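To start, the structure itself, in structure tokens.
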Amino acid sequence: MSASPHIEPDPFDAYQPPPWADALLEGFCASELLEDIQGDLHELFYKRVQRYGLNLTWLWYWLDVVRFVRPYVLKRNPDFEEARGPIMWKNYFKIAHRNLTKHVGYSVINIGGLALGIASCILILLYVQDELAFDTDHPESERIYRIVEQRIEEGQADRHLALAMGPFAPALKAEFPEVVESVRMLDRNSLGRFAIQRGASGFYEGNHLITEPSFFQVFHAPLLQGNPETALAEPNTVVLTETTVERLFGRENAMGQTVETDRWGSLQVTGVVATPPLNSHLQYSMLISLGTVTANEQISRFIEENWNGGSIISYIKLDERNDAATLATKFSDFLVQYQDEEVRAARSFYLQPIHDIHFGSQHIEQERNASKGDRTYLFIFSAIALFVVLIGCINYMNLATARAMRRAKEVGLRKVIGARQQQLIGQFLGESILVALIALVVALGLVALLLQPFNALANKAMTLSWEAHGAWLFSLVGIALIVGIISGSYPAFFLARFRPVRVLKGEVKAGGGALWLRRALVVTQFALSIGMIIATVVVLNQLDYIQNKRLGFNQEQLVVVDINSGASRNQFRTIKEEYSRLPFVEHVSASSRIPGEWKSILTTNVIRDGQEPEQATAMHYIGIDPDFLAAFEIELADGRNFSEDLALDSTGILINEAAARMMGWPNAIDQSLNILTVDAGGRERPVNFNANVIGVVKDFHYRSLHEEIGPIILGYWNNPIQRIDYYTLRISAGVPIPTALDDIEAVYSRFDPDTPMEYNFLDARLNDFYVNEQRVATLFSIAASLTILIACLGLFGLAAFTAEQRTKEIGVRKVLGASVASIVLLLSKEFVRLVLVAFLVATPVAYLLMNRWLDNFAYSAGLGLGTLLLAGGLTLIVALVTVSYQAMRAAISDPVKTLRYE
Amino acid sequence: MKGTYIGEFEELVLLVVCVLHGQAYGVAIQEEMKQQTGRSASISAIHAALNRLEKKGFVESWVGGATKERGGRRKRFFQATAAGRDALRTARQMRDQLWNLIPDLNTP
């Protein structure tokens, strides 16, 4: 009797019972029962899958397996281990090696992807380690604290200032036995900059510290020459850092020599100290002895006797008990005898551990802190490292699983010969670990190569050395192991499950099994890539917006020259005239500050008629001359500019639109207000200046675009509020800069021969506001390129594999008349769909996160649909190019050859 | 009655084993039971019951017949032993006796 011609679709090729469930069963089931229980389960699976579909049956299978957990089923003794020794390993190794070298392309892709991932991980770990190790070189650094003042302000949040009264720190050391050492310092914020000269080399120094001998007791500052006990003991002595020695003395010996300064005369070099490492918050170029400045009666009194002021940087070191909390509580009682009542009421002090300074000083102003760290960047970088490693692992998993079927015959044969499941799993896991270790070696090479550029990017000076990083070797091998295990786990389990009979009969279809997992992995990779690209585009966009935004004034072609002496300041009318005589100078203006100021802009407190002092509003202040508006090309909205006729304008001021709005004046002209006080160095200096408004200027960005435009008063330079500090020259376009500068310097030195000229180009300085963002932009660009590179590597491998799988199909299609284009389309379709899904997944998340970042800026370019589409489009194109290469190769192949292939 | 007692489910399984007459293995027993009595039992319950029956000596088993669906795994067939058949008869007798003693249930 002939069988019916009805051909049943063979279910075994499409579906398999869940491998993890089977693994579980084999894990707990006794071996003598396993065969028929599992047989029954599989039989039921195939029967049910036809009636009920895959998902339900899948679930049912799991259920059934779990229900088999009964006492009688469980293994009594663990299955005895077969002899596994080194003999088998030789074979495994040989096979692994053969596998790697036979398919070099795939191996390179695999190893390359993993190596990139591990390398990024290492670099970022180095960075994080460096950041976290700030200020750890100081001996017993956990006992060193900085004194921080918390000041209560009317109507605003408390302010934190890293300054204290002069006599405070030493008094603490004298009165409290738990304080073993104290040190105070002054820097340019208290006493300003000074000119230093030695022979032909001279410059302005602003990075100095004026401090006492106990500096060497508290901080790690090894003296290469000189005695730490005596180096800073005498007045007019200075200790230079190595870098400064090179600047001033070249190769000469500096010790014992003298340098000239404009403020304190000659200083003798009593020591040379190592330049402070980059991971210390305290950076300095030289240490000047405190005695040098206390020679001045007034300053000496301020530092040693004034308990109500407070502008000295102070640190103390505690004893082994290290009880900062208790000590801090004793402060207020201690200060009763020294401080005025009202000062004490508004101020309290606490101790900030030195390790906390780098990350924990966001809320502190007036501090000397070389590089404020931000924990969020640490998280961002760590997240990026994780991304990249993850993508590398995913690649490996995907590729290995897809190509698993090639090894099917090997697995089948091994099982027939008697290999147990565990052995096979061990073999394949071992292989992936081997690959991971190779990738580790490659990664180390990559790291050595990339360390310098990375240092430049991250503004650090990290090195790889045995002492520092020898211990890392173990963790690195550990990381490689973990990566190997993670990547290899799925393929290993998958491979080890092959049934020998089916395999050897040739019934196992290559490429089958858990297609959804591979798809999910590709989607994840591309989602991450798209996310990174969106982030990068947003950051780059914002930077571009910032750099091109109309600021309300013209920042180009402006040279700003500092005023550094009384002579320069007093003869300003003559000086202005001399400058404007230069043919390329279009305008000259003198002002106390400039828009985009890098020093602090003065804050004043003003009231208008009818208001009480308590109702004072804070406004910024810049003192200008009548040429200011023209030089900067700022527009008047209402009223008029200052005129040279001093008598008329001695009490006149200009305000900006924001100020007019704040005062509630629709028509601000001729309104008057009183400038009550001026904030100066933490104190309020009473001014009581009555002014009337003669004009309103259009709002302009006088600070970075991080901040909103606040109210600002432009006062006449002759007002007693702030002296002029800069000359700004607008020079014509097209003038060669070096000659222009020489001419300007010639004028300068005619009036101020003693001091070197300091100048800046305003547009360059404005960029400095955004250094952080520029760095983020570069970092994101790199990360985005990395992620998409690795994702494409993986896609490349997968596409190659898929194309290979379908060679017969393609051959048949070509014979039937399909064009090359249609075949390329056919092969690419699936991948394109995956990328689209990735796009849908990544976009909302990226949108939310980047909007949050943009909130940092008061003025932002926003995140539009265009950006999202750009990112998605870019990724799609890259993916298409990757896939189409393989697709093309397959499509062009000769059908005769492919169909002959058995 | 000598020997151990037989549980209700076990009895059911044993009966189906007899019905299947030499062709009884896990999946077949499950299907037959469902077909004849409408009772759906999980495969694990059936296996457990068979295990108990075998321990009590009411069935014996042998291995044979691998198929593709099972991935090449062989089946375990079960058949009632003499003791098993005895146990069934005893159980039936016992029940009949009790039934006869109940007046109401005798009437149709």
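All heavy atoms count here, side chains included; hydrogens, waters and symmetry mates do not. Quick caveat, the model's predicted, so the values are computed rather than measured. Below, read A as the first sequence line, B as the second, and so on, with proteins coming before strands; counting in each chain starts at 1.
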Proximal component of A:R67, with respect to chain B [non-hydrogen, under 4.5 Å]: both
With only heavy atoms counted, which part of A:L41 is less than 4.5 Å from chain B, the side chain, the backbone, both or neither?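 Looking at A:L41, just its side chain touches chain B.
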Toward chain A, the part of B:A28 with a non-hydrogen atom under 4.5 Å: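 B:A28 has no heavy atom closer than 4.5 Å to chain A.
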Got B:V16 and B:Q36 here, is their nearest side-chain heavy-atom distance under 4.5 Å?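 No, too far: nothing below the 4.5 Å cut-off.
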Given B:F78, which partner from the list B:E54, B:E60, B:Q23 fulfils the side-chain contact (heavy atoms from CB on, under 4.5 Å) test?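 With B:F78 as partner, side-chain contact (heavy atoms from CB on, under 4.5 Å) holds for just one option, B:E54.
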Enter the distance from B:H47:NE2 to B:Q30:CD here, rounded to the nearest 0.5 Å. 8.5 Å
Between atom CD of B:Q79 and atom CZ of B:R85, what is the distance when rounded to the nearest 0.5 Å? 7.0 Å
Counting heavy-atom pairs under 4.5 Å to chain A, which of B:R52, B:R76, B:K75 comes out on top? B:R76
